[in-house]
Amino acid sequence: MSTPHPVILVVNAGSSSVKVSVYTVPEAAHENADINPVLSANGQIEGIGVAPRLRASMADGHVVADESFPVSQVSDHDAAFRLVRLVLSIGLRDNPPVAVGHRVVHGGSDFSQAVCIDDDVIARLEALIPLAPLHQPHNLTAIRAVRKAAPDLLQVACFDTAFHAGHDMLAQLMALPYSYYERGIRRYGFHGLSYEYIARRLTQVAPDLAEGRVIVAHLGNGASLCAMHGGRSVDSTMGLTALDGMPMGTRCGSIDPGVVLWLAQQGMTADAIQSMLYGESGLKGLSGVSSDMRALLTSDEPRARLAVDFYALRAAQEIGKLAVTLGGLDALVFTAGIGANSPAVRSRICAHLETLFGISLDAGANEENGQRISSNGSRVPVLVLPTDEEGIVALSTARIMRECGRR
Ligand code: ADP
């Protein structure tokens, strides 16, 4: 009898939500990029501490739970995780998970690939909290919650920074006194799990392009762009923290560092500045309407339009910058919530790229979120590829298990 494929739980703990996905990973997926991890179920709690709502479904769409809870029952991430796990465990009795893979935002300079979690790893991840204050604490809470519930279960941390670990020094530097670089104050880059997935997916759908110079625009609530050559990251728009680069739902993106000095000189505390730059800026701050792109695109408020125009211009400017690093551009890929679903935003960004890059879109393909949305005459092909960060976490976790001889 053949051994069943390992079942991996993937945990993605955000600031107000915990998502848990159940994957099986075929052995062949490690050698063959055409074979993917298979999602069998997922569940999530949103609105932790505010208005908790649990939803869980099987991969075929069958809903197994959809329920709201009083805040007192799901007041923190620990409680949220226990609940999601409980619901998903119903389908896992015959084939329980052999490992848990966590999406962890910051691996700093210590971690250039996924790693088995032990006490030392936890201590190092704790030290990185100031560099990812909105995400890292929740990632650690989920890791501790799993430890408490199943102390012997193998846990693996998969980092959003790791895909960018091979960056040339020029891509890592900021023009501060050099001693800061030596202390780890560098441009790391984020959304690496998404970019790793897209690099893998490109080898499936357009192997010729995958070899070339590709810019991927990950446009979700968080947003960044990555320059890849031959499937490897060579530069990214994000820096030491996930604040840098283009504006996002609530984060400011690149601003003059003098603004931060000015705010501090006006008497704002570091915590207050942090809250504003991470939570009150970006599309939300500019529009005064919403951080949600769908709401802005349907709003009549002039400032909603201004925010979207600024967003599109900044994305295009960052594409220009990354194309300089790459020395040209062979393909542009859009992904994540906005990138994969918003024809309006894609066409506004691409309109800025027409003269310089000869990019033009096929209006019909763009409207339908088709896989190739550039026109036949476009000098650079433009693709839309939905991302799967959780699938990459499942794959990396299964790989680490093989390496540690746990399977
Ligand atoms: P996260 O970074 O939290 O994973 P997502 O990748 O899900 O976020 O992206 C969320 C963003 O995607 C929101 O701004 C949402 O409005 C936007 N979005 C989702 N679907 C559409 C759509 N059809 N048109 C425009 N924007 C969309």
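One-based numbering, in listed order, for ligands and for the atoms of each. Residue indices begin at 1 and follow the sequence shown.
Summary of contacts: the protein heavy atom closest to atom 2 (O) of ligand 1 is N221 N, 3.0 Å. Here the heavy atom of the protein found nearest to atom 16 (O) of ligand 1 is D292 OD1, 2.5 Å. Here the heavy atom of the protein found nearest to atom 14 (O) of ligand 1 is M293 N, 3.1 Å. Of all protein heavy atoms, the one closest to atom 18 (N) of ligand 1 is G337 O, 3.7 Å. Scanning all protein heavy atoms for the shortest distance to atom 26 (N) of ligand 1 gives R294 CG, 3.6 Å. Scanning the protein heavy atoms around atom 23 (N) of ligand 1, the nearest turns out to be N341 O, 3.3 Å.
Looking only at side-chain heavy atoms (C-beta outward), L243 and Y278 come within less than 4.5 Å of each other.
Protein non-hydrogen atoms do not reach within 4.0 Å of atom 4 (O) of ligand 1.
Q204 and N36 form a side-chain donor-acceptor contact under 3.5 Å, judged by distance and modelled atom types alone.
Ion pairing of R402 with E31 is present here, as a side-chain N (NZ or NE/NH1/NH2) and a carboxylate O approach within less than 4.0 Å.
Judged by distance alone, with hydrogens and angles left aside, the side-chain atoms of S378 form a donor-acceptor pair with the main-chain N or O of S360 at under 3.5 Å. Side-chain atoms of Q136 do not come within 3.5 Å of backbone N or O of L131 as any donor-acceptor pair.
Relative orientation of the H106 and Y188 rings is perpendicular, given thresholds of 30° and 60° on the angle between their planes.
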Inset, instruction - May I have the step-by-step check of side chain to side chain contact (heavy atoms under 4.5 Å, CB included) for T397 and V10, ending in yes or no? - result: CA-CA 9 Å; T397 303; V10 174; 5.8 Å; no

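Looking at K19 next to ligand 1, no N or O pair under 3.5 Å apart turns up.
Between atom 17 (C) of ligand 1 and the options L219, N369, I338, the minimum heavy-atom separation is to I338.
Contact atoms of ligand 1 toward G222: 2 (O) (distance under 4.0 Å to a heavy atom of the residue).
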